Novice: 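Below is the structure I would like to discuss, written out as C-alpha cells.
Predicted model only: the values in this text are computed from it and were never measured.
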Amino acid sequence: MPDRARLDDVRAYIRSVEEELEATRVKILLNGTESGQFAQVDPRLCARNILWLGHLWALNRGRVRSQMSLDEFIAAQTAFFFAALRPAA
C-alpha cells in the first residue's frame, strides 16, 4: 500500500496542474467576455466546468461510450459549451 505522504504529494501535484489549467481558461474566458465575444459568465465556474467535462468522460466512459464515441462526446460538449457562451443578440 502506498504511503500517505506519497499520496498527498501526488494529490498536491494534480491540484497544482488543475489550478494552472483553470487559470489559463479563466484568462481566455475573461478576454472573451471583456471583448464581447462571450456572454457575461462566471469565468472561474466555466473554467471548472471545462475541466469536469474531461473528468466526466474519464469517470463514466463505459456508460457514455455506449451512447457516443469520444469524438462525438467532444463535439457535443464543445457545441453545448460554446452555445452557452454565445452573447445575447
Novice: Are the side chain of Thr33 and the backbone N or O of Leu30 linked by a donor-acceptor pair below 3.5 Å?
Specialist: yes
Novice: Using the rule given for side-chain contact (heavy atoms from CB on, under 4.5 Å), can you reason through Phe82 versus Leu85, listing the C-alpha separation, both sets of side-chain angles and the distance that settles it, and then say yes or no?
Specialist: CA-CA 5 Å; Phe82 280 120; Leu85 286 176; 4.2 Å; yes
Novice: Answer with yes or no whether the hydrophobic clustering places Leu53 together with Leu59; edges join I, L, V, M, F, W, Y residues whose side-chain heavy atoms lie under 4.5 Å apart.
Specialist: no
Novice: Considering all heavy atoms of both residues, which atom of Ala84 and which atom of Ala39 are nearest to each other, and what is their separation?
Specialist: O-CB, 4.2 Å
Novice: Quick one, Glu18 with His55, criterion side-chain contact (heavy atoms from CB on, under 4.5 Å). Give me CA distance, side-chain angles, the key distance, then yes/no.
Specialist: CA-CA 11 Å; Glu18 287 179 347; His55 288 302; 3.3 Å; yes
Novice: If you look only at pairs with a residue in residues 22-32, which of them pass as a side chain to side chain donor-acceptor pair (under 3.5 Å), with sequence neighbours excluded?
Specialist: Glu22-Arg44, Glu22-Arg48
Novice: Out of curiosity, Gln77 CD to Met68 CE, how far, rounded to the nearest 0.5 Å?
Specialist: 7.5 Å
Novice: Examine Tyr13 and Leu21 and state if one hydrophobic cluster contains both, with Ile, Leu, Val, Met, Phe, Trp and Tyr joined whenever side-chain heavy atoms are less than 4.5 Å apart.
Specialist: yes
Novice: When you measure from the side chain of Asn60 to the backbone of Arg63, do you find a donor-acceptor pair of N or O atoms at a distance under 3.5 Å?
Specialist: no
Novice: Could you pull out all residues at least two apart from Asp71 that satisfy side-chain contact (heavy atoms from CB on, under 4.5 Å)?
Specialist: Ser69
Novice: Show which residues join Leu45 in its hydrophobic cluster (side-chain heavy-atom contacts under 4.5 Å, direct or indirect), or state none.
Specialist: none
Novice: Which residues pass the side chain to side chain donor-acceptor pair (under 3.5 Å) test with Arg65, not counting sequence neighbours?
Specialist: none
Novice: What pairs with Phe38 under ring-ring contact (aromatic ring centres under 6.0 Å, His included), at least two apart in sequence or on another chain?
Specialist: none
Novice: For Phe81 and Asn49, which heavy atoms make the closest approach, and how far apart are they?
Specialist: CE1-CB, 4.1 Å
Novice: Under the rule for side-chain contact (heavy atoms from CB on, under 4.5 Å), what residues qualify as partners of Arg11, not counting sequence neighbours?
Specialist: Arg4, Leu7, Asp8, Arg15
Novice: Determine whether Leu56 and Trp52 make a side-chain contact, defined as any pair of heavy atoms from C-beta on separated by less than 4.5 Å.
Specialist: no
Novice: Search all heavy atoms of Leu29 against all heavy atoms of Cys46 and return the closest pair with its distance.
Specialist: CD1-CB, 3.6 Å
Novice: If every non-hydrogen atom of Gly36 is compared with every non-hydrogen atom of Pro87, which pair is closest and at what distance?
Specialist: O-CG, 3.5 Å
